[in-house]
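Proteins get letters first, then strands, A, B, ... in listed order; numbering begins at 1 in each. As a basis for the values below, the full set of heavy atoms in this structure was taken, side chains included, without hydrogen atoms, waters or symmetry mates.
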Amino acid sequence: MTCVVAAATSLLLGSPSISDPNPGATNLCLLQMSRHLREAIQVHGLMIKSSQSTDPYSAGRLAEFYAISDHGSLEYAEKVLESVEQVEQPTPFIYNTLIRGNLMRDDPLRSILLYQQMLRGSVEPEHFTFTFVLKACTELLALDFGKQIHGHVVKIGMDSAPFIRNKIIHLYAVCGAISDARKAFDTSTERDIVAWNTMLEGYSRNNDGRSLHALFNEMPYRDAVSWNTMIAYCVQNGNSDEAVDMFRLMQECGELPNKVTLVSVLSAIACLGALSQGKWVHAYIEKRGIELDQNLGSALINMYSKCGCIEGAIDAFNGTKEKSVDTWNSMITSYASNGQSLKALELFTKMEFAGIRPNAITFSCILNACSHSGSVDEGDKLFERMYEDYGIEPDIAHYGCMVDLFARAGLFEKAKEVMARMPFKPDAVMWKALLSASRIHKNYEMGEQAGTQLIELAPTDDAGYVLLSNMYAMADDWEQVYEVRKKMKDRGIQKVPGCSSVELDGIVHEFIVGDTTHARTKEIYEMMDEFGEKLRIEGYEPDTKQVLLDIDDEEVRQSSLTHHSEKLAIAFAFINTKPGTTIRVMKNLRVCGDCHSVIKLLSKIYDREIIVRDSSRFHHFVRGSCSCKGYW
DNA sequence: CTCGGGCTCT
């Protein structure tokens, strides 16, 4: 096709003797067939020669090609407008096209300027014009300017047009003027489904769950978008359970989930760590023959990864037809967070080999993998290559990875060097990494400094206090433990209670520390006693320094330790699953050292694979050892 | 004779 256009164009340019019965139509045809900017420019040249380029319809076509098509150029589009202006008043179509083109290329401000230019030139806006300009206002959050346009629209009686009215609702909703949005919604004569959905989105954005649900219930009928909006709202507010319920209800109501639905529900399932539900969704995608595009592919990889199921993630990765950087990044992260850092590094090499250009996020993932596998030299090299080979300036997160990398390996001098050299002030994430590493390497001095800084930088986060006091306890510095505890109490910071969950037959069971509310509490505690017995035989002794913050009495401390939520969840899973079944536990906080050693032993004693997802990573316990190799 | 990716996920 490309060759045809080029050949035809040069033929026409080179041989004025060839007679074309309708040269104007031929040119437009050639223009439409153009697949490259230079071809269009050649046709444009022909049109200029025959004075066709300022003819209103042809100029519109030219502007459209330049402003909208993939091989266009907004600069040329504006040139078309300029040349028309010199001859006559441009049509609204040319303006509409330019406004739309700039919107599509993420320059809404230019769209607005063109609209103003249009008005100055006394070109009458059409209702197409308003839809584009209102969208530009929405993207710019230009509420006042949008209100002016709204006024204009009302004045000329166009406010009842559904497209325009919906854009107005959207504008107000996005700008947070929810009552104005509702007014526009209430006063519209015919409310189509988009109007309802737009209003739903408004409540969702404004975090008004009550009005959102009320409106959803009032809807005369709902489509997939309506359901998706509700599901997304649940996900955004951390109500993963409710999101999954909505997803079920949606299907019961006969509405077919689409890709957007699936992406949302997968992220909810990932939060819950509900693997069997995630597998169901994967099977559903395959059954319906839905193609794994980049978004859906990444959502699946992410879900499997967060459920500790690396095989599933690999499947989803391989099943994603057109892999983007994000797809690769997701897979690299999956390996890294599941304790397979060397695989992550391997995949990065494959990625480079496949000619995919890594981005800043790729390097965060990969440097993180290096620190978790203790690949210090490799990480050092990659950090250099990041700028040298790919021109990516490291941001604070990358420096954080490097600090983590060195500190985890016990190279505190190197870590400090990085911090001194970097063009940023250390952030809480960095101090936290340093503090954790100090605890592992028993570098109390470094830990004290990091912990103090951490508490100053993130005074409302309980993690700093907990980590620091735990470290003091390890060092047997009980006076400091008390100080930290007091500071925490004075500032009204509460320790977030540990909470773990396991999924059984599609139902997620939750346990908090010392939980006695579950229907099968008695059996659970009996199981725990059995654990205790077997552990004692293995020669295990509880590490009571891990509890600290909430308890003084040694006896209570011990019992609290045995009742950590992950242990309850594991006991429950033991009661309800056949020997040999892999157990997956999701925890909101990091696993404590005592639980970590207990679970290691349990995996050995009972020959069970136990996978625990804590707040920062996965622990795959198999036959007495853990994939994190003691680093977490 | 042309034009509304109308709302939902990342």
Answer yes or no for A:Arg191 and A:Phe185: cation-pi contact, defined as NZ/CZ to six-membered ring centre under 6.0 Å and angle to ring axis within 45°. yes
Salt bridge (Lys or Arg N to Asp or Glu O under 4.0 Å) partners of A:Lys587, counting only residues at least two apart: A:Glu566
Determine which pairs satisfy side chain to side chain donor-acceptor pair (under 3.5 Å) with at least one residue from residues 128-142 of chain A, sequence neighbours left out, and list them in order. A:Asn96-A:Thr129
Set of residues satisfying salt bridge (Lys or Arg N to Asp or Glu O under 4.0 Å) with respect to A:Arg248, sequence neighbours excluded: A:Asp245
Whole-Å distance between B:dC9 C1' and A:Leu262 CG? 10 Å
When the distance from CE of A:Met250 to P of B:dT8 is rounded to whole Å, what number comes out? 15 Å
Among B:dC3, B:dG4, B:dC9, which nucleotide has an atom closest to any side-chain atom of A:Phe93? B:dC3
Tell me what A:Glu126 touches on the nucleic acid: a base, only sugar-phosphate, or nothing, going by heavy atoms under 4.0 Å. base
What are the residues of residues 221-241 of chain A, sorted by number, that bring a heavy atom to within less than 4.0 Å of DNA chain B? A:Val225, A:Asn228, A:Thr229, A:Ala232, A:Gln236
Among B:dG4, B:dC7, B:dC9, which is the nearest nucleotide to the side chain of A:Glu201? B:dC7
For A:Phe216, all residues meeting ring-ring contact (aromatic ring centres under 6.0 Å, His included), sequence neighbours excluded: A:Trp227
Regarding A:Pro162, tell me which of base, sugar-phosphate or nothing describes its non-hydrogen contacts under 4.0 Å with the strands shown. base
Out of B:dG4, B:dC1, B:dC3, minimum distance to the side chain of A:Tyr57 belongs to B:dC1
Output the rounded distance in Å from NE2 (A:His127) to P (B:dG4). 11 Å
Between A:Arg35 and A:His71, a side-chain donor and acceptor under 3.5 Å: no
Whole-Å gap separating P (B:dC9) and CG (A:Leu296): 15 Å
Once you round it to whole Å, what is the distance between P of B:dT10 and CG of A:Asn302? 10 Å
Contact list for residues 315-325 of chain A, test side chain to side chain donor-acceptor pair (under 3.5 Å), sequence neighbours left out: A:Ser324-A:Thr327
Atom CD of A:Glu64 to atom P of B:dT2: distance rounded to whole Å? 11 Å
Just compare B:dG4, B:dT10, B:dC9 and give me whichever is closest to any side-chain atom of A:Val260. B:dC9
Rounded to the Å, how far apart are A:Leu62 CG and B:dC3 C1'? 16 Å
For a quick check of understanding: with a heavy-atom distance under 4.0 Å over all strands, which category does A:Thr97 fall into, base, sugar-phosphate or nothing? nothing
Rounded to whole Å, how long is the line connecting atom NZ of A:Lys259 with atom C1' of B:dT10? 13 Å
Same-atom distance (C1') from B:dC9 to B:dG5, integer angstrom: 15 Å
Mind checking A:Asp192 for me? I need base, sugar-phosphate or nothing, with any heavy atom below 4.0 Å counting as a touch. base
